[in-house]
Amino acid sequence: MSLEALQRKIKTTDELREIVSTMKTLSSASILQYEQANISLRSYRRNLRDAFHALIRQKGLPPISKPRGAEKHLQIVIGSDNGMVGKFNREIFQAVHKDLKKQNLMIKETLFITVGKRMTMLANQQKLTLSAQYAVANSVKAVSILAESLILELDKLIAAQKITHVDIWFHKRSKGSSVKVEKRQIIPFDDATLRQLQNKPWETNNLPMLPQNTQRLFSSLIRESLIMSLSGAINYSLAAEHFTRMTNMQNAEKNIDENLAELNQEYQQQRQEQITDELIDIISGAEAMKKK
């Protein structure tokens, strides 16, 4: 390879490294905002628990309607819109397939909602039954909007399709430098925690005042809990996606640095050889002049 070609290749590689470095920095910043959002959600979860506690202490545990008839399952799978995340999206479907098989459920009879363009593409490739599809939220504010949209879609599907079970699938950062697939069931609503509140004493002597329509309040709290679960899952997924992309960019950056080092070494070697050849030519020319 000529020196000019090597210079062009070094310049292109340098530019690529800048792009990779920028993507890594953006992903690093994004991880923080989504993890901070989930910290705030944990505080909100405690407020919801206190609201449930006050309601149950004063009015008892309201009846929770259970789905009847044949089971019909819906899977909400949360992936990514963009690439450079390796097997991030495929791992979700692998986990879903394994879980449905374990429950002796047919995947062709299971409904799906996809979050993420890449996830939708994979679902279509596998010819799954898609009830709805959404793009991934691109900010913390958009997460709550997406969660609200999912709840509205669930309301329609439960009424029209008689859905009895709803699971959310997403990635979550684990300890160390890895992410893992998580499953969270949101329907039927898990009332075990609420039943535990029946016997738990209130921390003060004064209970909050409640509206007359406690059943409506209870339904609203259930709805808020579902929105919180969806928002938390989306935040976890986005943080895991950016962490995966950041890790991939770090590896790419390392490979680019190694490639740059080799290119620069080759350039310096060829340049030195060129200089040596030029010096030999000059010396040879000078010797020839002396002889004349």
Side-chain angles (χ1 to χ4, degrees), residues 1-39 77-95 114-125 133-143 145-146 169-182 231-272 274:
M1 189 182 298
S2 66
L3 282 175
E4 291 77 11
L6 273 172
Q7 283 180 316
R8 288 195 297 271
K9 193 168 185 179
I10 289 170
K11 182 181 178 183
T12 302
T13 306
D14 268 325
E15 291 172 350
L16 178 61
R17 191 191 187 286
E18 288 180 10
I19 294 171
V20 168
S21 180
T22 300
M23 291 179 66
K24 184 182 75 170
T25 302
L26 290 173
S27 288
S28 178
S30 296
I31 292 169
L32 180 61
Q33 67 170 331
Y34 293 119
E35 289 185 340
Q36 289 293 330
N38 265 348
I39 291 173
V77 289
I78 304 174
S80 70
D81 279 348
N82 302 309
M84 298 186 181
V85 287
K87 299 178 181 179
F88 189 85
N89 295 291
R90 293 187 180 277
E91 285 176 343
I92 293 280
F93 279 117
Q94 290 171 357
T114 54
V115 178
K117 295 175 184 177
R118 300 271 172 156
M119 194 66 78
T120 301
M121 181 181 67
L122 288 174
N124 287 327
Q125 288 176 357
Q133 58 193 57
Y134 296 87
V136 172
N138 56 10
S139 67
V140 170
K141 184 177 180 180
V143 168
I145 296 172
L146 175 57
W169 294 86
F170 58 96
H171 277 89
K172 181 180 178 181
R173 283 185 65 186
S174 58
K175 291 181 179 180
S177 57
S178 63
V179 298
K180 62 178 181 179
V181 177
E182 293 272 338
S231 297
I234 296 167
N235 282 326
Y236 277 129
S237 179
L238 285 165
E241 176 192 341
H242 283 288
F243 178 78
T244 302
R245 186 172 292 113
M246 183 186 73
T247 302
N248 290 340
M249 292 303 100
Q250 284 176 334
N251 293 332
E253 199 173 50
K254 181 181 177 182
N255 292 333
I256 290 171
D257 286 341
E258 291 175 355
N259 190 28
L260 268 176
E262 291 176 2
L263 288 171
N264 281 313
Q265 184 178 4
E266 184 178 352
Y267 177 83
Q268 293 298 331
Q269 184 177 350
Q270 285 199 28
R271 179 64 180 148
Q272 188 61 48
Q274 186 183 59

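- With contacts defined as side-chain heavy-atom distances shorter than 4.5 Å, the pair V115/I234 does not qualify.
- N235 CG to N38 CG: the interatomic distance, rounded to the nearest 0.5 Å, is 4.5 Å.
- In this structure, N89 contributes its side chain and G79 its backbone to no donor-acceptor pair below 3.5 Å.
- Scanning for salt bridge (Lys or Arg N to Asp or Glu O under 4.0 Å) contacts around E91 gives an empty result, with sequence neighbours left out.
- To the nearest 0.5 Å, atoms CD (E241) and CZ (F170) are separated by 14.5 Å.
- The distance from atom CD of Q250 to atom NZ of K24, rounded to the nearest 0.5 Å, is 5.5 Å.
- Shortest non-hydrogen contact noted between Y34 and N138 is OH-C, 3.6 Å.
- R245 has its side chain within reach of N82: a pair of non-hydrogen atoms, C-beta onward, lies under 4.5 Å apart.
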Derivation of the side-chain contact (heavy atoms from CB on, under 4.5 Å) call for F88 and H171: CA-CA 8 Å; F88 189 85; H171 277 89; 3.5 Å; yes
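- A 4.5 Å side-chain heavy-atom check between L146 and Y134 finds at least one atom pair inside the cut-off.
- No donor-acceptor pair closer than 3.5 Å links the side chain of S237 to the backbone N or O of A233.
- Looking at every heavy atom in both residues, A252 comes nearest to V20 through CB-CG1, 4.2 Å.
- In this structure, CD on E182 lies 9.0 Å from OG on S174, to the nearest 0.5 angstrom.
- Between the N248 side chain and the M84 main chain, a donor and an acceptor come within less than 3.5 Å of each other.
- Counting heavy atoms from C-beta outward, Q36 and I39 have side chains that approach closer than 4.5 Å.
- Q268 and R271 share no side-chain donor-acceptor pair at under 3.5 Å.
- Between A95 and V181, the shortest heavy-atom distance links the atoms CB-CG1, 3.8 Å.
- Side-chain atoms of K172 and V179, non-hydrogen and from C-beta on, never get closer than 4.5 Å to each other.
- The environment of CD in E258 is crowded: more than 12 heavy-atom neighbours from other residues, nucleotides or ligands sit within 6.0 Å.
- Residues L122 and R90 form a side-chain contact, since some pair of their non-hydrogen atoms from C-beta on lies under 4.5 Å apart.
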Would you tabulate the side-chain donor-acceptor contacts of residues 3-13 under 3.5 Å, counting partners in other chains and residues two or more places apart, or write 'none'?
| residue | atom | partner | partner atom | Å |
| --- | --- | --- | --- | --- |
| Q7 | NE2 | Y267 | OH | 3.0 |
| T12 | OG1 | R8 | O | 3.0 |
| T13 | OG1 | K9 | O | 2.7 |

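- I31 is listed as a side-chain neighbour of R173, based on a closest heavy-atom distance under 4.5 Å.
- The shortest non-hydrogen separation linking V77 to F93 is CG2-CZ, 4.2 Å.
- The distance from the CE atom of M249 to the OG atom of S28 is 13.5 Å, given to the nearest 0.5 Å.
- Looking at S21, its side chain never comes within 3.5 Å of a backbone N or O of R17 through a donor-acceptor pair.
- Evaluation of the side chain to side chain contact (heavy atoms under 4.5 Å, CB included) rule for Q133 yields T114, T120, L130 as partners, not counting sequence neighbours.
- Interatomic distance, S30 OG to F243 CZ, rounded to the nearest 0.5 Å: 14.0 Å.
- Looking at T25, I19, L26 one by one, the single match for side chain to side chain contact (heavy atoms under 4.5 Å, CB included) with M23 turns out to be I19.
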